[in-house]
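Not measured: the values here are computed from a predicted model. Just follow the structure's listing: the first ligand is 1, and inside any ligand the first atom is 1.
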Amino acid sequence: MEHPLQAWRDTLRELGVVGLVREPVAQAEAPQPAGRAAPEAPPPPPAPPAAPAAYAPPAGPVACPPAAAVRAAATLTDLQCTIEGCLACPLGPGRMKFVFGEGDPAARLMFVGEGPGRDEDLQGRPFVGKAGELLDKMIGALGLTREATYIANIVKCRPPDNRTPTPEEARTCLGYLHRQIELIRPDVIVTLGATPLRELAGITEGITKMRGQWQRIQVGGREIPLMPTFHPAYVLRQYTQDVRRAVWQDLQAAKEWLDRPADS
Ligand code: SF4
């Protein structure tokens, strides 16, 4: 039977990390030195976040939800209810499903991608295709679960042929993401690819140059550290050890920020 550490080790190897993980011990527990107590069992994993409140979609399209209603949304469920029928930019009429975002409504770590692709458009969930599988693996390699984070995109409707959203489309949708961030209050945001870096931090330089460099953004009066890294779809296209290692370093930096002592 596969050792429980095997999958984790394989994931790290896929991410280009070598030499950091000890080979799992295949046999029974290693003997303890005489006189030393056996180590305590690790604490049980935290309970999964509570299921979100039931959501009822609006009866008809909301061509452009009033900004005041977006600002007034007090919960993620309220916000989704307010904007679900949005047709405020050209992407709205072409969508199969609205992709609001998902995860822990109080997540400390938030990922922001570019926009839904085909699988996401069909399922109404962010990052569920091949790129999503890779993102899940990377989150797992950090010792977290997808459910403990929050995952959203710059635009909530699929751009045709998976093209990059235009700046106009992105900016039309951005107010919704800002309200989402205000409600979630993440401690760190990781942007995936060039588009969320451009739209959230106003940085138009290439992601190859900017990845791994901490930025700070202001959302709702809070300053939030932002770590830019490559989009998982790019990692799949450029499946080199350098690219995978770069993403791993960026994610580790984000995790180290989360794990730092509160007063540092
Ligand atoms: S992408 Fe955003 S702004 Fe455009 S229609 Fe969809 S929800 Fe509305």
Side-chain angles (χ1 to χ4, degrees), residues 52-103 105 107 110-129 131-132 135 150-184 186 189-204 207 217-220 224 226 231-234:
Y55 165 65
V62 182
C64 188
V70 173
R71 280 196 301 274
T75 65
L76 292 176
T77 303
D78 283 352
L79 179 63
Q80 183 169 0
C81 190
T82 302
I83 66 176
E84 179 100 31
C86 175
L87 294 172
C89 89
L91 301 181
R95 69 176 170 241
M96 295 280 292
K97 287 197 175 162
F98 186 87
V99 183
F100 179 72
E102 66 182 25
M110 181 170 183
F111 293 93
V112 179
E114 181 176 285
R118 185 178 63 94
D119 295 320
E120 290 77 15
D121 189 38
L122 287 171
Q123 295 188 38
R125 298 179 56 213
F127 283 90
V128 290
L135 180 61
Y150 199 93
I151 305 175
N153 284 305
I154 289 291
V155 292
K156 303 195 180 300
C157 307
R158 182 192 182 194
D161 302 321
N162 293 348
R163 66 162 169 74
T164 301
T166 66
E168 290 71 29
E169 291 162 352
R171 276 153 216 173
T172 305
C173 211
L174 196 58
Y176 305 155
L177 179 63
H178 279 165
R179 186 66 189 137
Q180 229 166 344
I181 294 171
E182 285 174 9
L183 291 168
I184 296 166
I189 293 176
V190 174
T191 51
L192 304 168
T195 302
L197 178 63
R198 181 188 74 205
E199 297 303 331
L200 280 178
I203 293 173
T204 55
I207 186 66
I217 61 170
Q218 289 276 347
V219 179
I224 306 173
L226 181 152
H231 194 286
Y234 174 82

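- For atom 6 (Fe) of ligand 1, the nearest non-hydrogen atom from the set Cys157, Gly175, Ala170 belongs to Cys157.
- Using a 4.0 angstrom heavy-atom cutoff, Thr172 counts as in contact with ligand 1.
- Nearest protein heavy-atom contact of atom 7 (S) of ligand 1 is Phe98 CE1, 3.5 Å.
- Of all protein heavy atoms, the one closest to atom 4 (Fe) of ligand 1 is Cys89 SG, 2.4 Å.
- Atom 8 (Fe) of ligand 1 has an N, O or S atom of Cys86 under 2.8 Å away, backbone or side chain.
- Of the heavy atoms in Arg95, only side-chain atoms (C-beta onward) come closer than 4.0 Å to ligand 1.
- The minimum heavy-atom distance linking Phe98 with Ile83 is given by the pair CE1-O, 3.5 Å.
- Without hydrogens or angle criteria, Asp121 side chain to Met96 main chain gives a donor-acceptor distance under 3.5 Å.
- With salt bridges taken as basic N to acidic carboxylate O contacts below 4.0 Å, none links Arg158 and Glu120.
- The distance from ligand 1 to the heavy atoms of Gly92 drops below 4.0 Å at these ligand atoms: 5 (S).
- Of all non-hydrogen atoms in Cys173 and Val155, the two that sit nearest each other are SG-CA, 3.8 Å.
- Short contacts between ligand 1 and Cys173, defined as distances under 4.0 Å to a heavy atom of the residue, involve ligand atoms 1 (S), 2 (Fe), 3 (S), 7 (S).
- Here the side chain of Asp119 pairs no donor or acceptor atom with the backbone of Val128 at under 3.5 angstrom.
- In this structure, a donor-acceptor pair under 3.5 Å is absent between the side chains of Gln80 and Lys156.
- Counting the atoms of ligand 1 from 1 in the order shown, those under 4.0 Å from a heavy atom of Ala88 are 5 (S), 8 (Fe).
- Counting heavy atoms of neighbouring residues, nucleotides and ligands inside a 6.0 Å radius, atom CZ of Arg118 does not exceed 12 of them.
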